[in-house]
Amino acid sequence: MTSVALKSITKSWGSTHAVQEIDFSVRSGDFTVLLGPSGCGKSTTLRLIAGLDQPSAGSIHIGERDVTRLSPSQRRIAMVFQAYALFPHLSVRENILFGLRVRKEPSQHFEARLKRVSELLGLAHLLDRRPGQLSGGQQQRVALGRAIIAETPLCLMDEPLSNLDAQLRQEMRREIRALQQQLGITMIYVTHDQTEAMSMADQVILLRNGRIEQNAPPAELYAQPASEFAARFIGTPPMNILPLEPTAAGLAIAGAHDVAVLPGRGGEALHLGLRPEHIRLSAHGAPAVIQTVEYFGADTIVGACIGNAPLLVRVPGQLSLRAGDAIRLQWDEAQQYFFDPHSGLRRHVDGCGQHTPSSASQFNPIKEKSCAESC
Ligand code: ADP
């Protein structure tokens, strides 16, 4: 079992800071995902842990060892990349055994290790084939086999599923997670796909512009996002962000001043965050006009406007409503999030007020019309 710790890691390429002041630790046997948009520093972080690049500042520890200046081979790490990099002229057997042969490990154990790994990955009947005779998923399994057979306690994966189709990705996600748990491997896994991160990880490190935006287990990242960026990165569709502005009645959704989200509160503007799955259609609530209706089978995503603010609502099943229809929307106060519009950081606002108009009589068809035009 192996833990990993990065302490104040910075990597610069000339004046470009790929990652800056990165600090995190990974517990032994945990599945940690480095998540974030393209260019945020995920691969750089992984390459630094692997020893493929040297940090400009900071130190890296694997278990008790400071490995910052050690070569990749001295770090005892297995790696799987997006490109499987299988040798086309070698059989599946030889591809899996390749690393062991290069490292001149004792060959008397090869067959037993190969048997175990190939059975684990469902490759036992394919050992004599060449990579060209395998499907994409099977090729990816060979790449996994090559990593697993090394029996290193730490495994790094960089977008290993990007080349697979959606269904296969889902299968492989489950397989990788099950294998990691079964073998007790410490895993650090790079992806830009939040679904992958949420479904596989014990711990998610969300990166943005080379810095850590939030480091938390998936459930906490979803329920307690530290910032607007984190809130919108997790969840499909992403969290709705509705600008609030001061009105005589309190802070209200822009363009819908009869919908006082924080009654009696004045002062600075805030952003209101609402997850699509937390909003429901109801007889009472904020007046809205439907813009779009997308049916997905199990649920429907309704695009609507409250005042000037567009938002998406996830409704179970199918709807008989259409674009242009007037509806009312409700949500629970406890499921409102507030963000500072300047820093983007989450704000804890006490005494959240009502979000619904004080009475249905405030329903204003003229406002609804202007909403439809402006959104
Ligand atoms: P991600 O994996 O999140 O897409 P990377 O870690 O590959 O991001 O890159 C982070 C930043 O560092 C990017 O701006 C990228 O252009 C830059 N970068 C990465 N590798 C190099 C390199 N070898 N030379 C110069 N800039 C690099």
Side-chain angles (χ1 to χ4, degrees), residues 4-26 30-62 67-72 75 77-85 140 143-144 147 154-164 166 169 172-173 176 180 186-216 218 221 225-236 238 344:
V4 179
L6 273 68
K7 299 185 180 169
S8 294
I9 286 290
T10 294
K11 175 68 184 176
S12 309
W13 307 96
S15 59
T16 308
H17 298 305
V19 292
Q20 257 183 302
E21 297 284 323
I22 295 267
D23 264 296
F24 68 83
S25 51
V26 172
D30 261 11
F31 196 119
T32 296
V33 170
L34 300 176
L35 175 70
S38 178
C40 70
K42 306 180 293 294
S43 295
T44 301
T45 307
L46 205 72
R47 290 175 60 80
L48 292 171
I49 299 170
L52 298 171
D53 287 322
Q54 284 293 310
S56 312
S59 62
I60 299 175
H61 305 256
I62 298 180
V67 300
T68 317
R69 302 289 154 209
L70 297 188
S71 69
R75 298 189 187 197
I77 292 173
M79 280 199 80
V80 180
F81 294 98
Q82 178 177 349
Y84 320 134
Q140 185 54 279
L144 285 177
L154 175 60
C155 185
L156 310 180
M157 295 197 179
D158 193 348
E159 305 254 9
L161 307 182
S162 329
N163 296 338
L164 306 179
R169 280 174 79 107
M172 292 300 293
R173 277 207 299 254
I176 291 176
Q180 176 267 334
T186 306
M187 176 77 80
I188 305 181
Y189 185 104
V190 160
T191 182
H192 62 274
D193 179 343
Q194 58 98 17
T195 324
E196 219 160 271
M198 295 298 278
S199 61
M200 296 172 98
D202 295 304
Q203 174 191 23
V204 178
I205 296 170
L206 179 62
L207 293 167
R208 179 190 189 191
N209 297 333
R211 292 182 184 272
I212 295 181
E213 184 81 2
Q214 190 166 3
N215 175 354
L221 204 58
S227 64
E228 213 172 286
F229 176 85
R232 282 187 59 79
F233 207 85
I234 304 297
T236 23

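Each ligand, and each atom within it, is numbered from 1 in the order the structure gives. Numbers here simply count residues along the sequence, with the first being 1. Keep in mind it's a predicted model, so treat the numbers as computed, not measured.
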ask   = So which pairs with a foot in residues 31-53 pass salt bridge (charged side-chain N to carboxylate O under 4.0 Å, His left out), sequence neighbours left out?
value = R47-D53

remark   = Expected contact list for ligand 1 at under 4.0 angstrom, heavy-atom basis, is W13, A18, P37, S38, G39, C40, G41, K42, S43, T44

All side-chain hydrogen bond (donor to acceptor under 3.5 Å, both in side chains) counterparts of R169, not counting sequence neighbours = D193, E196

request  = Among T186, L154, L46, find the residue that satisfies the side chain to side chain contact (heavy atoms under 4.5 Å, CB included) test when tested with I77.
outcome  = L154

task = Could you note down all residue pairs passing side chain to side chain donor-acceptor pair (under 3.5 Å) where residues 5-15 supplies at least one of them, sequence neighbours left out?
result = S12-H17

ask   = Is the backbone N or O of A226 less than 3.5 Å from a side-chain atom of Q214, with the two atoms forming a donor-acceptor pair by type?
value = yes

remark   = Closest heavy-atom pair, V19 versus L48, reported as atoms and distance to 0.1 Å, is CG2-CD1, 4.1 Å

